[in-house]
Amino acid sequence: MASRALLSRLSLPFFRFHSVCYSPALFHFTPFPLRYIVYPFYRMQKTHLYCSLAHQQLDEISQPELSCFNNTIHRLSHRRSFSEVLLVYVIILRNGHLPNGLTLPCILKACTALPALFFGCAVHAQIIRLGFEAATFIQNGVIVMYSRFGEISTAHKVFDLLSLRNVVSWTSIMSGYAQNGFPLEALHIFRTMRLDSPIIPDFIALVSVLKAYIDVGDLDQGRCVHGLVVKFGLEDEPDLLITLTSLYAKCGQVNTARNMFDQVFSPELILWNAMISGYAKNGHADEAVELFKKMVARKVRPDSITLRSAILACAQVGSLEAAKWIWEFVSNSELKDDVFVNTAIIDMYAKCGSVVLARKVFDNIPQKDVVVWSAMIMGYGLYGQGKEAISLFHEMIQSQVRPNDITYIGLLSACKNAGLVHDGRKYFYLMRNHGVEPRHQHYACLVDLLARAGHLEEAYEFIKGMPMAPEVTVWGALLNACRIHGQVELGKYAAERVFAIEPWNAGHYVQLSNIYASAGLWKDVARVRVLMRERGATKAMGFSSIEINGKLQSFYAGDKSHPRSKEILAMTDELERKLKKSGFLPHMDSVLHDLGPEEKELSLCNHSERIAMAYGLICTPPGTTLRITKNLRACVNCHSATKLISKLVEREIIVRDANRFHHFKDGFCTCGDYW
DNA sequence: TTAGGGTTAG
């Protein structure tokens, strides 16, 4: 009766769902109900099982002992043939044996790995029935199983009922919480273990606690654990080195991470992955690509994770050369059909300025899931190809793939970047029909779309009707639109909202200042500048990069540091002369400061993208496409000038700004002047 | 002699 009481205290999920067929009472009095659960499955697999090594071996023995079965189960478990482990378990029961302490951990592991929740619950019930409640080794397996099934509260109950907990019990429940998205609870358990138990953490426990600190982004506490690692003399433990490298890399301390990485003479794949992804995630894309190349040169075979990190890095660099290189690498590897890798490549090509190549990769994927479709829709959106994005969306629906919230973000931002107001409204209200509840990002997209198209009042009303508090992206979109449409009053209101959320971000002050400047309100411009100084807001310095022969060269505004600076200057002058000759009028409002007209003009043609463009023109043969990446949004003057320059110098110029792509050709831009 | 962890997340 004790075990039945225990079953009801645990309220096992299996019994919650199947209380009619397999109630605890039924289980208690039925000798081997497992055979009924797996019987159809067993029939299905029977042919395969007869061919297997396991069954051949068992067949040779007329009446196998439990130890023979256990040996077979361990061998199968080692080969990761988990379905067969469960089938042999059924045979054990059919032969009238009872599983022992050597059988059950393997069965639990198989249930966890498959995963087989119902089977696992039944096994747990049998564990209790057979009186293994106090067997730490077995109960640890139960904790892990429930954690992996997301049944963390059941796992915790098992942990609570365990009379003798060892370091594995503590680590299992701690990592269970961390893996289920509760890192704070995991850390709480670690603290309890340290304070209330005599257990000394081993290297796996420390890896688990470090992972939880990585998840919460607490570098200081992570450093304290590093101290513990040293205290316990575990600093040479390779697995801890991997997690510590990951901790420092993910928390932005890439140099410390690299020092740890360099300590290892022959790093295993997972350490390369930790370092490459650490670089890629922290904006050190060049280093990530370089390290990836080094790894390949050292004949370490990358896996899907390595490739995804390297592809992400290439996407950030924006270099089409690097993108093509990695695509070729993937095409020649055994991961060429990996859907995750291919989706990353679609995203990369879209971000590196070739929506055509992105589409080529997309068309070659035979089984497209929702993320593949969404990546391509997002790619069209980046280029302002709204109609193509919409058409692909309909193709996706026809292919019976259900859109998710990310698909809708891609679709709405495509409408936004193409100025398709009617479509944007329509798809926003269609979302719920597909069971997708609009999130803040969807609202921000629609506000941006409406406001930029000049529907400022509608956008403002829409914001007022939002079911959640509008964040900076929403007010920022309204502020930007007020700048475009010269709306001083509404712009002032939007700016106040934005300043309240991000008082440190100088970009917002510049927007308001530009609204005032356009209206000739120079006193207000001065007031904003004072406010900006008082609040210590700083503006990110603008820079542009251009890729020449696969090498990236970056320039700041007014940059004269390049060895070929004189030639670059001569080219910017020549461009300016050509622009003037063809009647180009500089857009003076693009200058924040209250300067004289001549100074304003000079300031405008010194913008970083103009310098990068000039460098591209002097370094490449006529007709070569120029590919420029900049960290800020394109300014109005640069945009108009680049359109004309593309015609004057007969070049295609592709500029990736902070938000999207601009493809300039023959005096026009693909964005249709809508950005 | 069978448990626990670490790289990613398109």
Side-chain angles (χ1 to χ4, degrees), chain A residues 67 70-71 73-78 85 99-110 112 135-145 147-148 155 159 165-176 178-179 186 189 193 199 201-212 214-215 237-247 249-250 257 261 267-278 280-281 302-312 315 335 338-348 350-351 361-362 365 368-376 378-379 406:
Chain A
S67 58
N70 281 348
N71 280 338
I73 279 181
H74 287 145
R75 250 198 313 279
L76 290 170
S77 179
H78 190 71
V85 168
N100 65 13
L102 292 176
T103 325
L104 290 164
C106 267
I107 305 304
L108 288 167
K109 189 179 173 183
T112 308
T136 307
F137 210 101
I138 295 171
Q139 294 297 342
N140 288 346
V142 176
I143 294 170
V144 172
M145 182 185 77
S147 302
R148 297 279 167 82
F159 176 80
R165 298 167 191 151
N166 62 13
V167 68
V168 179
S169 324
W170 285 95
T171 312
S172 301
I173 190 67
M174 180 169 63
S175 55
Q179 285 162 359
I189 286 171
M193 178 183 103
I199 306 284
D202 63 0
F203 79 96
I204 297 182
L206 291 174
V207 163
S208 308
V209 73
L210 274 170
K211 175 68 169 62
I214 292 172
D215 288 346
E237 177 58 57
D239 295 348
L240 267 168
L241 214 71
I242 291 165
T243 316
L244 284 168
T245 304
S246 177
L247 166 80
K250 279 196 179 154
F261 177 86
E268 58 178 302
L269 178 64
I270 200 164
L271 182 56
W272 286 98
N273 286 354
M275 194 63 234
I276 293 171
S277 70
K281 279 278 175 66
D303 67 357
S304 170
I305 294 172
T306 331
L307 288 177
R308 275 182 266 166
S309 303
I311 293 166
L312 174 71
L335 289 159
D338 183 305
V339 72
F340 279 72
V341 170
N342 278 302
T343 318
I345 289 178
I346 293 174
D347 178 66
M348 171 187 72
K351 286 177 179 157
V361 177
F362 173 83
I365 300 177
K368 299 177 184 70
D369 67 10
V370 61
V371 193
V372 174
W373 288 96
S374 304
M376 196 60 233
M378 196 82 85
I406 308 287

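Labels below follow one simple rule: chain letters A, B, ... track the order of the sequence lines, proteins then strands, and each chain is numbered from 1.
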Could you check which of [options] has an atom nearest any side-chain atom of [X]?
| X | options | answer |
| --- | --- | --- |
| Lys211(A) | dT2(B), dG6(B), dG10(B) | dG6(B) |
| Ile204(A) | dG10(B), dG4(B), dT7(B) | dG4(B) |
| Asn140(A) | dG4(B), dA3(B), dT8(B) | dA3(B) |
| Ile270(A) | dA3(B), dG6(B), dG4(B) | dG6(B) |
| Ile242(A) | dT7(B), dG10(B), dG6(B) | dG6(B) |
| Lys281(A) | dT7(B), dA9(B), dA3(B) | dA9(B) |
| Leu312(A) | dA9(B), dG10(B), dG4(B) | dA9(B) |
| Arg308(A) | dT2(B), dT7(B), dT8(B) | dT8(B) |
| Leu102(A) | dT2(B), dT8(B), dG4(B) | dT2(B) |
| Val207(A) | dT2(B), dG4(B), dG6(B) | dG6(B) |

Starting at atom [atom1] of [X], determine the distance to atom [atom2] of [N], rounded to an integer number of angstrom.
| X | N | atom1 | atom2 | value |
| --- | --- | --- | --- | --- |
| Ile305(A) | dA9(B) | CD1 | C1' | 9 Å |
| Ile199(A) | dG4(B) | CD1 | C1' | 13 Å |
| Asn100(A) | dT1(B) | CG | P | 11 Å |
| Ile173(A) | dG4(B) | CD1 | P | 14 Å |
| Met145(A) | dG4(B) | CE | P | 13 Å |
| Leu244(A) | dG6(B) | CG | C1' | 10 Å |
| Ile73(A) | dT1(B) | CD1 | P | 13 Å |
| Glu268(A) | dG6(B) | CD | C1' | 9 Å |

| message | Going by the rule salt bridge (charged side-chain N to carboxylate O under 4.0 Å, His left out), which residues pair with Lys211(A) if we only count those two or more places apart in sequence or in a different chain? | response |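 With sequence neighbours excluded, Lys211(A) shows a salt bridge (charged side-chain N to carboxylate O under 4.0 Å, His left out) to Asp215(A), given in chain and number order.
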Sub-4.5 Å side-chain heavy-atom contact between [X] and [Y]:
| X | Y | result |
| --- | --- | --- |
| Val168(A) | Ile143(A) | no |
| Ile406(A) | Val371(A) | no |
| Gln139(A) | Ser169(A) | no |
| Leu108(A) | Val144(A) | no |

Using OP1 and OP2 only, check whether a side-chain N or O of [X] sits under 4.0 Å from [N].
| X | N | value |
| --- | --- | --- |
| Gln179(A) | dG6(B) | yes |
| Ser277(A) | dT8(B) | yes |
| Lys250(A) | dT7(B) | yes |
| Lys109(A) | dA3(B) | yes |

With a non-hydrogen cut-off below 4.0 angstrom, is [X] in contact with a base, only sugar-phosphate, or nothing?
| X | result |
| --- | --- |
| Asn166(A) | base |
| Val341(A) | nothing |
| Ala344(A) | sugar-phosphate |
| Asp202(A) | base |
| Val371(A) | base |
| Arg165(A) | nothing |
| Gly101(A) | base |

base_contact_polar ([N] base, [X] side chain, donor-acceptor, <3.5 Å):
| X | N | answer |
| --- | --- | --- |
| Asp369(A) | dG10(B) | yes |
| Asp338(A) | dG10(B) | no |
| Ser172(A) | dG4(B) | no |

| message | The criterion is side chain to side chain contact (heavy atoms under 4.5 Å, CB included); which residues satisfy it with Thr243(A), sequence neighbours excluded? | response |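 Val207(A), Leu210(A), Ile214(A).
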| message | If stacking means aromatic ring centre less than 5.5 angstrom from the base's six-membered ring centre, planes under 30°, is Phe137(A) stacked on dA3(B)? | response |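 Yes, Phe137(A) stacks on the base of dA3(B).
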| query | Will you find, in the side chains of Asn70(A) and Ser67(A), an N or O donor that is under 3.5 Å from an N or O acceptor? | reply |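 Side-chain D/A pair, Asn70(A) to Ser67(A): absent.
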